[in-house]
Amino acid sequence: MTSARSIYRGRFAPSPTGPLHFGSLVAAAGSFLEARVRGGEWLLRMEDVDQPRCSMAAAGEIVRALEALGFTWDGEVVWQSRRTEAYAAALEQLKATGRVFPCGCTRRELADSAIAPDGAAIYPGTCRQGLPQGRAPRAWRIAVGDARVSFDDAIQGRTVSDLASEAGDFILLRADGLFAYQLAVVVDDAEAGITHVVRGADLLASTSRQIFLQQCLGVPTPEYAHLPVAVNAAGEKLSKQTLAAAVDCSRPGAALCGVLEFLGQQPPRTLADASVTAIWTWAVENWQSRRVPRGPAQTGRLQNPSG
Ligand code: GLU
């Protein structure tokens with residue numbers, strides 16, 4: 001794999017915590033089309049770093065669903081669960097910057113902390129200057145200091161974040177010994193030479209943390225485009241937690257056309273009866289990114305409304 005930055009290299013990075021549902025199909029299709037329309041590569045990465053929440057069965061189901069829907073990816077599937085050494089090396093590199101510190105706080109001790117916009121507790125800084133006496137390290141965090149991160153999202157526009165008030169010193173290595181998503185995604189995107197990240201707007205709040213880590217590690221920052229997130233009638237993101245139904249792969253045309261409509265494209269009615277190859281040919285020829293609805297969430301016409 002080359003690391004040349006002149007090419008377009010995108011990816012789809014599902015967490016195999018359940019089957020492919022409409023919301024993740026939106027991210028798959030949007031990232032796939034952006035890559036193919038620009039003659040770029042599209043990689044598939046299974047984000048199974050959070051092993052207790054993931055299963056091989058769900059990963060297998062996702063791969064089979066993508067195949068049934070006519071997706072084709074470049075290279076082998078990358079598995080985060082097999083990349084622990086790369087994350088450990090990145091953590092060592094970050095330790096050498098002096099920004100990373102061990103934290104002995106329990107979840108209960110942090111329960112009264114301020115809450116970040118994404119619902120996570122903002123770390124109050126208890127162990128930042130050193131572990132209090134008698135405390136054993138549980139997790140490793142990175143000190144964000146007064147870092148401000150700004151980036152221009154191709155869909156959501158300019159985003160400016162003050163990391164101290166919006167995220168706080170965040171975890172890189174969890175108390176259960178697993179590496180955190182924020183570190184894993186940055187290491188993986190950098191190693192794969194990802195130039196463009198197209199994913200759901202539910203991850204918009206994570207992007208500034210990821211850009212901060214890229215800066216600390218001295219790796220390039222990709223371009224970002226955050227697609228509107230599919231929500232149900234109650235405004236909840238479609239996910240396993242909200243019981244989103246698995247994409248019905250016995251009717252791939254209907255599923256793909258539903259996603260194209262959700263992304264603001266205007267597939268002809270008859271396209272749903274065409275083969276997946278014909279649908280992707282139409283989609284690549286007619287894809288217009290400016291038609292993708294702006295804004296972080298929309299209900300649209302859902303093929304698989306949540307139960
Ligand atoms: N694994 C994440 C998810 O399924 C996506 C991460 C990403 O695209 O950066 O929500």
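In listed order, ligands and their atoms are each counted from 1.
Residue-level proximity to ligand 1 for Leu203 is carried by the side chain, the only part with a heavy atom below 4.0 angstrom. By the criterion of a heavy-atom distance under 4.0 Å, the side chain of Tyr181, and not its backbone, is placed next to ligand 1.
Of the protein's non-hydrogen atoms, the one nearest atom 8 (O) of ligand 1 is Arg11 NH1, 2.7 Å. Protein heavy atom closest to atom 5 (C) of ligand 1, with residue, atom name and distance, is Ala13 O, 3.2 Å. At the top of the distance list for atom 3 (C) of ligand 1, counting protein heavy atoms only, stands Ser15 OG, 3.5 Å.
Annotation: cation-pi geometry not satisfied between Arg174 and Phe179 (NZ/CZ under 6.0 angstrom from ring centroid, within 45° of ring axis).
Counted by atom type alone, Thr106 and Arg138 present zero donor-acceptor pairs between their side chains at under 3.5 Å.
Of the possible donor and acceptor atoms, none in the side chain of Trp280 sits under 3.5 Å from a partner among the backbone N and O of Leu33. Under the 3.5 Å distance criterion, the side-chain polar atoms of Arg294 are matched with a main-chain donor or acceptor of Val292.
Of all atoms in ligand 1, listed by their number and element, those nearer than 4.0 Å to a heavy atom of Arg199 are 7 (C), 8 (O), 9 (O). Of all atoms in ligand 1, listed by their number and element, those nearer than 4.0 Å to a heavy atom of Val185 are 9 (O).
Under the 30°/60° scheme for interplanar angles, the aromatic rings of Phe101 and Tyr123 are found to be tilted.
The option from His226, Arg45, Glu47 that lies nearest to atom 6 (C) of ligand 1, judged by heavy atoms, is Glu47.
Atom CZ of Phe12 sits about 7.5 Å away from atom CG of Leu44, to the nearest 0.5 Å.
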